Structure formats: C-alpha cells, structure tokens
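Okay, so here's the structure we're looking at.
Sequence lines set the chain letters: A, B, ... in the order given, protein chains first and strands last, and positions in each chain run from 1. Since the structure is predicted, the reported quantities are computational estimates derived from the model, not experimental observations.
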Amino acid sequence: MALRLFSKVRVIPDLRNAAFASSAAAPAELSDFDMQHKSPVIRKQQLIPKAHYGGRHAVTMLPGGGIGPECMGYVRDIFRYIGAPVDFEVVDIDPTMDNDDDVQYAITTIKRNGVGLKGNIETKSEAAYVTSRNVALRNELDMYAYVLHCKSFIGVPTRHKDIDIHIIRQNTEGEYAMLEHESVRGVVESMKVVTASNSERVARFAFEFAKKNGRKKVTTVHKANIMKLSDGLFLETSRRMAEEYPEIEHNDMIIDNCCMQLVAKPHQFDVMLMTNLYGSIVSNVVCGLLGGAGLLSGRNYGDHYAVFEPGTRNTGTAIAGKNIANPIAMINASIDMLEHLGHHFHAGLLRRAVNKTVNIDRVLTPDVGGSNSSSEVVDSIIGNIGKS
Amino acid sequence: MSLITRNVFRTLVQGSQHVSKGLHTTAVNPDKNVCFAPQSISTLQASKEGHIKCTLIPGDGVGPELVYSVQEVFKAANIPVDFESFFFSEVNPTLSAPLEDVVNSIANNKICIKGILATPDFSHTGELQTLNMKLRNALDLYANVVHVKSLPNVSSRHKDVDCIIIREQTEGEYSALEHESVPGVVECLKIITASKSERIAKFAFDYAVKMGRKKVTAVHKANIMKLGDGLFLRSCEEIAKLYPRIQFEKMIVDNCTMQMVSNPNQFDVMLTPNLYGNIVDNLASGLVGGAGVVAGASYSAECAVFEQGARHIFSGAVGKNIANPTAMLLCSANLLAHVNLHSYSKMIKGAINKVLSDGKVRTKDLGGQSTTKAFTNAIIHCLT
C-alpha cells in the first residue's frame with residue numbers, strides 16, 4: 001500500500017514540469033524564484049556562518065504591515081532596556097510593490113543571520129503572479145515545521161482553563177503549494193501536494209519535540225477518510241514514525257471531529273501534528289480559546305533557519321496606530337527568539353515580567369478584556385523587569 | 001604661603017571632582033530607561049551587585065600606564081565594571097600568568113581589555129608561535145576590527161578619514177609553520193582556508209550592515225598568489241552575493257597602500273587577510289595621528305577583546321609619563337557599548353572629544369607637552 005502511494009507521489013513533480021514545458025505560452029518568464037518557490041521538494045541549503053560575534057547575535061527584523069511596526073518598536077525598547085545582546089537588522093517590505101525584490105532581500109538577510117523576527121507581511125497585490133510573501137518566505141527558507149505553544153494565561157478570562165497544547169504544523173506544502181490552474185473554462189483545479197519526505201521530516205520533528213519536552217501524546221490530525229492518498233500518506237508516515245517512539249502515545253483524529261473536540265474538551269490534547277491548512281485552522285481555533293490573536297507566538301523552524309512571529313498570522317491593519325494593539329504576542333515571539341539564541345537569562349527576565357504584567361497585575365489591552373493601551377502594557381512590563 | 005594656596009586649590013579641585021561625580025550619578029539615573037545596568041549583564045560574569053567582570057591584561061611597554069589611566073577614568077565615572085587583572089608577557093616569562101588562566105578568565109568574562117604584548121624577534125624556547133598568537137588561537141579570536149577615524153583637532157595630512165579595517169588573524173602568514181628544508185633554505189607556509197575566509201568575509205559584511213556602511217573592499221595579492229589569495233578572494237565574492245545592497249570591490253594590496261596615503265576617503269570597510277591587515281592597520285593609524293589614538297577590537301563568536309589598533313609597545317616612553325591614553329580610553333568606551341552600557345560609553349567618548357577639541361591638554365605625540373596623568377585628569381574633568 002505504502003509503496004503504491006509513494007509511486008503516485010513521485011510522479012507529481014515530473015507532471016508539473018511537463019505541464020510547464022508544454023504550456024510555454026503561460027507565464028513564460030517564470031523566474032528562478034517562482035520555480036524554486038513553487039516546488040514542494042526539499043531544497044539543499046548551503047551553510048553560511050552564523051552572525052554571532054563577541055557574544056552578540058544579529059537578527060533580521062521584518063516589521064511587516066498593520067500593527068507590526070509599532071509592536072517591533074516595543075520589542076526594541078524592551079531589548080534596549082534589558083540590554084539583550086542582539087543587534088536587529090530591519091528590513092521593510094513595501095506591500096504595494098508588485099515585484100519580489102524586497103522579499104528576496106529579506107530572505108537573504110535571514111539566510112545570513114540565521115534567525116528572524118517578523119510581523120505579518122501584507123501582500124496587497126491580487127495579481128495571480130504575485131505570491132503571498134509569508135508563504136514565499138517559508139518556502140524559500142525551507143522552514144518545514146511550525147510550532148505554536150498554546151498555554152492559558154491565568155490573567156485572561158476564558159471559557160477553558162489550563163489549556164496546554166503544542167501545535168506542530170507542516171509549513172511548506174499541502175494546500176499551500178499554490179498550484180492552481182483552469183484546465184477547462186470554468187473548471188479550476190487546485191493541487192494539494194503531500195510528499196513522503198516532508199511528512200517524514202515534520203513527523204520526526206513532532207516526536208523529537210515531544211520527547212525533548214517530556215510530552216506524553218502526539219495526535220495526528222488529518223482527513224484521510226476523504227483524501228485517502230494525500231492525507232493517507234501523511235497519516236501513514238506519522239504512524240510509522242510513532243513506532244520509533246514507543247514511549248510516546250500516538251493517536252489520530254479527523255479534522256472536523258478535532259475542531260469539535262477542541263472547543264468542547266481541549267484538555268485531551270497534548271502535541272498535535274497536522275498538515276498545512278488544518279494547522280492554520282486549528283491554531284486559530286486554539287488562539288480563540290485562549291483569548292485571541294494578541295497573546296501567542298509561533299515559531300517556524302527549518303534545518304538551518306528559524307523565524308519567530310506572532311501566533312495567528314493577521315496584520316491587524318484596522319487597529320494600527322491606535323495604541324490598542326496587544327503587544328504580548330510579539331514580545332512572546334521575541335522571548336522565543338532569545339531562548340533559541342541561547343540567551344536564557346534575558347529570556348527568563350522578560351518572561352517573568354510578562355507573566356507578572358498579564359497574570360498578576362492584569363495590565364491588559366481591550367482585546368483580552370482589559371482597558372489599558374499598548375504603551376501602558378509595555379511600560380508595565382518594563383517596570384516589572386527584575387522584580388519577580 | 002604658596003604651600004597653603006596650593007593645598008587650598010587642591011582641596012577645591014578634589015571637591016569639584018566629587019561634585020562632578022555626584023552630578024554624574026544623578027545624570028545617569030534619570031535615563032535608567034535606556035540603560036538597565038544592574039541585571040542586564042549578569043550573563044556576562046557579574047561579581048559584585050550588578051557589576052560586570054572584565055579581564056584586564058596591562059601588557060608590556062607603556063601598557064600598564066595606559067591601563068591605569070582607564071581604571072582612573074572608570075573609578076571617577078563610577079562605572080560598574082570590575083577588572084580581573086593578569087600580568088601576561090612574553091618578554092618576562094617568569095612573572096607571566098599561565099596562558100590557560102588568562103584564556104579561562106576571558107572565556108568566562110566574555111570581555112577583555114588588553115594592552116600590547118611585546119614580541120621578541122627570536123624565540124627562547126624554539127617555539128614559533130608568539131603569545132599573542134597563542135591567545136588568539138586559544139580563544140579563536142579570528143576577527144580584528146580597527147576603526148580609523150580622524151579625531152577633532154589632531155593635526156594630520158588628511159581630513160575626515162573614516163574607515164573600518166577588518167583583518168583575519170588566525171591563519172595566513174601567521175600560521176607559525178616555518179622550517180629549514182635544506183641548510184640555507186627556509187620555507188614559510190601561508191595557510192588560507194575557504195571556511196576561515198568565508199567566516200571573516202561574513203563578519204566584515206555583517207559589520208558593515210550593523211554600522212550602516214555602503215562598501216566593502218577586499219585587499220589581496222591574488223595576481224601573484226593565485227591559489228592562496230585567490231581562494232580568499234573567491235570566498236569574499238561568494239559571501240558578497242548575500243549582500244546585494246552593499247557594494248563590493250577588490251584591490252591589490254600594493255595599490256591599496258598607495259591609495260590609502262593619497263586618497264583615504266575612498267575607503268569604507270576594508271577586508272584583509274592576516275599580514276596585509278596588519279600593514280594596512282598601521283598605515284591607516286599613521287594617517288590619523290599614530291598608535292596612541294586608534295582603538296581596535298578582536299572578536300570570536302563568544303568573546304571580545306579590546307586593544308589598541310596599532311600595536312606598539314612604545315618602550316622608549318616607559319616610566320616617562322608621556323604616552324597617549326586616548327586609544328585605550330576609546331577601547332574602553334567601545335567595550336562599554338558592547339555590553340550595552342551606552343550612556344557610559346557616550347560619556348567617555350564625549351569627554352575625549354571635548355579634551356581634544358579644546359586642545360589645551362595634549363600629549364607629546366600630538367604636539368603638546370602634557371603628561372599621561374594630566375591628560376587623564378582632563379578627561380575626568382570633562383565627564384558629564
């Protein structure tokens with residue numbers, strides 16, 4: 001069975017190339033960027049020395065659109081205050097531009113720095129040939145795993161208490177392969193690509209992650225009853241991987257049931273492993289359970305690079321500049337980044353301060369039931385630094 | 001009578017020093033927002049409550065006098081840095097602290113301020129590596145940065161020189177591999193590796209990005225050493241591709257030295273292998289006022305060692321109280337900036353600029369008659 005599946009999957013890239021070759025009339029000047037970025041197979045990355053000198057790290061900062069720039073401003077204020085040994089290289093991406101120059105440059109800076117901190121980047125252009133910048137970034141850097149730690153904040157009133165779930169999401173293929181075409185007029189086909197290699201990588205990542213963090217259970221979320229081959233492959237791979245980790249319990253759940261279970265009994269979940277689109281849905285569901293978009297931070301990992309960002313990927317353009325955006329998500333992302341870089345002292349300092357502000361002092365923005373402005377939250381965090 | 005007046009004057013001066021000290025503390029506290037000294041630096045080794053520990057190597061020649069000047073300034077400005085001092089010397093091996101101790105101390109403290117170590121022309125033990133090289137190799141201090149910048153009111157032939165020279169300093173000609181294959185024939189190996197060349201090129205470009213510079217010039221002699229320097233050059237080109245917004249150019253070392261003395265303003269960041277770097281460092285230092293005014297630093301991934309840009313022990317001036325402490329003070333200011341104590345760093349740099357532009361107190365090398373001590377005191381008076 002598995003063998004049959006593999007052979008099916010192997011055919012897909014060839015098919016795609018053939019399609020391009022025959023329809024030369026279509027986007028004829030497909031750049032290297034487009035080609036590479038649309039290909040879901042694993043790319044070889046050449047190793048570049050990391051930017052780490054005299055104990056200081058250089059980190060790419062992509063403020064993005066909406067509330068991104070103001071949140072980044074807060075992060076920089078805080079970092080300056082705690083004296084974190086990090087130098088930011090800020091790259092602004094113009095959302096109205098139709099070309100990919102800025103994005104390419106941003107990708108290059110992350111390649112040479114190794115680590116990035118990003119807000120959500122807008123893609124305003126709706127032209128078919130302009131790809132989503134966020135997806136481009138992930139695909140180009142081959143960041144195949146996305147981790148979202150969903151942990152309840154005591155200070156934020158929610159329906160469920162004490163939720164503690166890790167969501168691990170395949171980040172580079174599946175429905176986000178961006179292969180759509182109109183084969184006959186009025187018939188549009190969108191390809192969902194699942195590859196054995198990428199599924200295996202993310203499954204291994206999930207189980208290793210569970211093992212390292214002392215988690216007990218991994219739940220694979222899928223829709224293999226309908227998409228028997230693609231999701232079937234993903235499920236098959238994670239089952240096979242589970243055999244290598246006998247100490248970790250493994251079960252699977254269909255996506256629709258999973259969403260229901262999440263809102264009804266979220267405590268049954270520990271580590272959740274899923275493909276790209278389901279990951280997007282589930283992480284937003286869980287963020288909603290915990291108090292909205294402004295709290296959680298997500299981490300994108302590849303073999304060589306890591307990018308940290310607010311957990312739900314929305315720009316918050318409507319509330320930009322009003323001083324009511326919740327800065328906690330971006331600050332949490334920066335804490336993740338400090339931890340990734342090995343600056344545990346500064347990370348701990350900041351984490352305790354955030355904890356005190358949110359859970360004890362309850363200085364919160366309106367989106368999580370508070371009445372304070374963004375800058376008041378940041379001031380409170382700065383004031384709490386060093387006073388645990 | 002004159003004695004009394006002098007004493008009265010002295011107490012007044014001391015009083016004013018205390019006042020300035022008091023003023024300074026109140027001046028720093030309000031901008032606490034900017035500089036959270038006490039705990040920010042605990043990942044660096046903290047000794048006393050909120051103090052950073054820093055390794056101190058006075059070195060040979062006038063080194064101890066210059067380092068003393070730095071310590072005086074730190075004391076006067078009440079800077080939260082504690083020095084861990086080691087006597088470390090190659091010319092005086094019996095008194096020198098063992099290499100391991102010094103290396104451990106720097107590895108723990110992550111920062112070090114270092115005078116110049118004298119290197120004899122012959123080896124007592126038959127070893128080819130100098131102490132400087134051993135220290136660099138032990139800590140993997142691969143990147144040397146010298147920021148050559150014209151200082152106010154220091155007379156020199158060129159105005160507004162401002163270039164950064166980055167030098168690889170763990171391989172190349174300094175590999176200490178020499179042998180006499182046949183009597184009368186000595187071979188000296190120059191080692192260039194792709195990984196180290198890429199590493200230093202990456203460092204140079206990252207430094208350029210951090211400092212907001214526009215251009216990186218690789219200095220080489222690949223027309224003669226086609227393989228060795230050729231590899232260095234290729235590695236630089238490879239890394240340069242990652243920095244599309246920084247201009248990259250190449251220059252042969254002989255031409256480079258000529259350009260440097262005739263038109264130094266064309267240079268921005270210079271990227272050199274070991275020996276060329278040494279030569280260009282010294283040449284550029286000469287352009288802006290000599291060894292006494294140029295600060296430098298050596299970096300590994302984890303540590304930073306701050307030392308003078310042009311390494312001269314100035315043994316002729318030992319004990320004469322005439323050496324110029326500007327370079328060492330600039331080093332200390334750079335060190336403070338490196339550990340996020342920016343307000344202190346600015347304070348020291350400001351004081352140096354003020355004393356130099358007033359021009360009343362200047363040491364012999366800058367055409368004045370003042371002593372090291374007098375210059376240090378002038379700096380202390382200008383701390384705000």
Query - Leading residue by heavy atom contact count with chain A [cutoff under 4.5 Å; candidates B/A304, B/S195, B/P244] - result: B/P244
Query - Over 12 non-hydrogen atoms of neighbours within 6.0 angstrom of NZ in A/K50 - result: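 Above 12, so yes.
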Requested in this report: Check whether the ring centres of B/Y207 and A/Y53 lie less than 6.0 Å apart, and answer yes or no.
Outcome: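 Judged by ring-centre distance (under 6.0 Å), B/Y207 and A/Y53 do not meet the cut-off.
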Requested in this report: With sequence neighbours left out, write down each residue that passes salt bridge (Lys or Arg N to Asp or Glu O under 4.0 Å) with B/D281, or none if nothing qualifies.
Outcome: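 Salt bridge (Lys or Arg N to Asp or Glu O under 4.0 Å) check on B/D281 returns nothing, list empty.
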Requested in this report: Check salt bridge (Lys or Arg N to Asp or Glu O under 4.0 Å) between B/E171 and all other residues, then give those that pass, not counting sequence neighbours.
Outcome: none
Report task. Measure distances from B/Y142 to the heavy atoms of chain A and classify the residue's part below 4.5 Å as side chain, backbone, both or neither. Result ->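 The side chain, not the backbone.
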**Report entry** Proximal component of B/K202, with respect to chain A [non-hydrogen, under 4.5 Å]
**Finding:** both
Query - Segment of A/A51 engaging chain B (4.5 angstrom heavy-atom cut-off) - result: both
